[in-house]
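What follows is a single structure, written as structure tokens, with notes after it.
In what follows, chains are A, B, ... by sequence order, proteins preceding strands, each numbered from 1. Just so you know, these numbers come straight off a predicted model, no measurement behind them.
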2 protein chains.
Amino acid sequence: MVVSNSTVAPLYLERLERSLQGRHPRVHSIALPDGEQHKDWATLNAVFDALLGSRCDRDTTVYALGGGVVGDIAGFAAACFMRGVPHIQVPTTLLAQVDSSVGGKTAINHPLGKNLIGAFHQPQVVLCDIDTLVTLPDRELRAGLAEVIKYGPIADWAFFEWIEDRLDDLLARDRQALMHAVRRSCEIKAGVVALDEREGGSRAALNFGHTFGHAIEAGLGFGTWLHGEAVAAGMVMAAALSVRLGMLDRHASERLESLLKRCGLPVQAPAMAPERYLELMRLDKKARGGEIRFTLLVGRGAARLGTASDDLVRGVIAQAVHRSS
Amino acid sequence: MVVSNSTVAPLYLERLERSLQGRHPRVHSIALPDGEQHKDWATLNAVFDALLGSRCDRDTTVYALGGGVVGDIAGFAAACFMRGVPHIQVPTTLLAQVDSSVGGKTAINHPLGKNLIGAFHQPQVVLCDIDTLVTLPDRELRAGLAEVIKYGPIADWAFFEWIEDRLDDLLARDRQALMHAVRRSCEIKAGVVALDEREGGSRAALNFGHTFGHAIEAGLGFGTWLHGEAVAAGMVMAAALSVRLGMLDRHASERLESLLKRCGLPVQAPAMAPERYLELMRLDKKARGGEIRFTLLVGRGAARLGTASDDLVRGVIAQAVHRSS
């Protein structure tokens with residue numbers, strides 16, 4: 001069963017189905033409506049209906065062909081259908097290739113929050129075809145690069161410097177540059193997840209920029225900023241907090257901000273009141289007993305969870321809101 | 001978060017909440033509507049709403065207080081809430097104590113079939129309080145005993161003989177007899193599940209009587225016969241099939257039938273056409289490529305998956321339908 005969406009299916013579904021025909025006795029497909037607002041129970045149930053209507057059973061493999069929303073829904077459907085069938089991710093956006101398709105997180109949204117209902121269900125294979133990136137809108141390419149850039153500061157400073165060197169090639173969609181960026185991103189993410197699948201500790205490094213970023217997304221209304229854009233501004237804020245806590249040198253933080261700017265990503269935070277930021281961040285899944293936990297940089301190429309006083313966080317927010325981008 | 005239902009909550013919820021107050025900083029509860037017809041997405045979503053409305057997070061433990069339906073819904077909610085939180089089963093029916101609460105199978109129903117959407121999510125603890133069985137209706141006690149009896153033929157013939165000896169005490173709800181029956185049943189089930197959590201092979205032994213039994217439940221309409229009643233008639237049929245295949249001696253099969261009769265359980269199958277039985281059994285989750293796979297007895301105290309010709313199965317059905325009970 002290939003799960004795709006109304007945007008991606010016309011572009012790549014036929015090609016994938018053809019290549020699967022020798023591999024499976026039957027190939028079925030379903031195209032979901034496109035968009036984060038459809039990442040809900042009704043759409044998930046449409047996948048179950050398709051699986052049962054096509055007489056799929058426990059021998060079925062679910063393929064996710066599309067971006068992060070398709071990957072999350074199809075992966076969660078595979079996790080729950082007859083208590084779990086295998087799935088294979090075929091991500092067609094840069095964000096999905098370097099982030100959401102790897103690591104086994106699947107979910108749908110609940111009216112009260114994103115990704116609140118879901119499962120850990122590892123894909124058997126993540127198949128990234130770089131050629132699918134040629135049809136990706138420019139804004140989505142840049143938003144995807146935010147997550148690529150993220151891997152440098154949290155895990156591999158040499159990779160960060162490679163991106164500094166090759167950013168123009170990446171933006172020009174140079175095949176070799178994209179291939180290296182996607183491969184190295186997947187390697188880093190898979191390495192982190194292998195050590196901590198269920199996010200008990202070190203996996204939180206991957207959330208660098210996401211605590212502030214989620215507050216931006218939720219505060220502006222999801223979809224106003226792309227996820228990668230919110231993460232870009234969030235990384236600038238989390239790096240600034242790390243500097244204020246004495247964990248990171250100011251120059252590293254400036255290089256990160258400068259690279260994100262060159263990438264055309266926002267580094268200035270939206271003008272919401274600091275108290276609104278704090279309120280939204282207290283709803284973060286990493287928060288415990290009302291205390292916000294941030295992914296902080298501890299030197300170049302390393303991260304860990306930590307806390308900070310509300311006053312320090314207010315200072316970072318005020319600085320980020322008034323930064324000229 | 002204690003998940004219960006409208007029947008069990010008035011009896012035991014307050015007692016459980018009191019005993020949890022020293023263990024958790026906050027205790028919340030929700031009483032679901034009672035009955036298999038509510039084992040659906042709407043009820044599951046009510047649990048998510050309660051969890052989020054009470055500001056529960058990843059540190060929350062979900063308690064299931066009730067029978068199999070409550071256990072399945074609460075367990076599945078725990079499996080999916082924020083991608084998985086711990087849960088503890090507190091089963092209050094004999095069927096749930098000896099079967100559904102152990103082994104980590106959780107699910108809800110889909111309009112096209114039972115338990116089609118679910119997860120494997122092991123409970124941290126299964127807490128069986130025998131005293132809750134005093135309020136259990138007699139018919140449900142007998143239906144629960146069908147699953148207790150099942151463990152003998154598939155795994156421990158000495159336990160089967162112990163039940164033959166002590167059936168009158170069990171029916172009279174003798175505390176010591178019930179405690180031994182529940183404990184031994186849980187031990188056997190936990191041992192089988194430990195070897196094969198995901199039902200790749202040996203766990204199928206637990207499905208003895210269930211292939212025919214599910215056909216009875218589905219054919220008559222779920223709820224007409226209790227699950228344990230359908231399993232009782234199903235075990236008689238599966239044992240008869242094992243005898244016809246030369247795997248089991250006829251005397252063992254007769255002793256099983258006789259014990260089920262003494263227990264007040266049906267041993268005669270409902271009068272549906274053999275073709276209808278076959279059609280329903282081909283929808284069984286164990287079926288592969290349209291071929292029905294039965295859990296068969298291979299001697300006294302052992303079981304394995306196997307197939308049989310449709311003719312042989314038709315013969316068993318005809319015999320079971322015309323048996324005088």
Chain A heavy atoms under 4.5 Å from L283(B): which part of the residue, side chain, backbone, both or neither?
side chain

Contacting region of L112(B) [heavy-atom separation from chain A under 4.5 Å]:
side chain

What option among A77(B), A107(B), A119(B) has the most heavy-atom pairs under 4.5 Å with chain A?
A119(B)

Which of the residues H121(A), K105(A), R198(A) is involved in the greatest number of heavy-atom pairs with chain B at under 4.5 angstrom?
K105(A)

With chain B as the partner, which of I108(A), L52(A), D57(A) has the greatest number of non-hydrogen pairs under 4.5 Å?
L52(A)

Please identify each residue that fulfils salt bridge (charged side-chain N to carboxylate O under 4.0 Å, His left out) with R282(B), with sequence neighbours left out.
D310(B)

Against chain B, residues from residues 41-49 of chain A with at least one heavy atom under 4.5 Å, in numeric order, are W41(A), N45(A), F48(A), D49(A)

Take atom CZ in R55(A); do more than 12 heavy atoms of anything else shown fall under 6.0 Å from it?
no

For T106(B) and R83(A) the tightest heavy-atom approach is O-NE, 3.0 Å

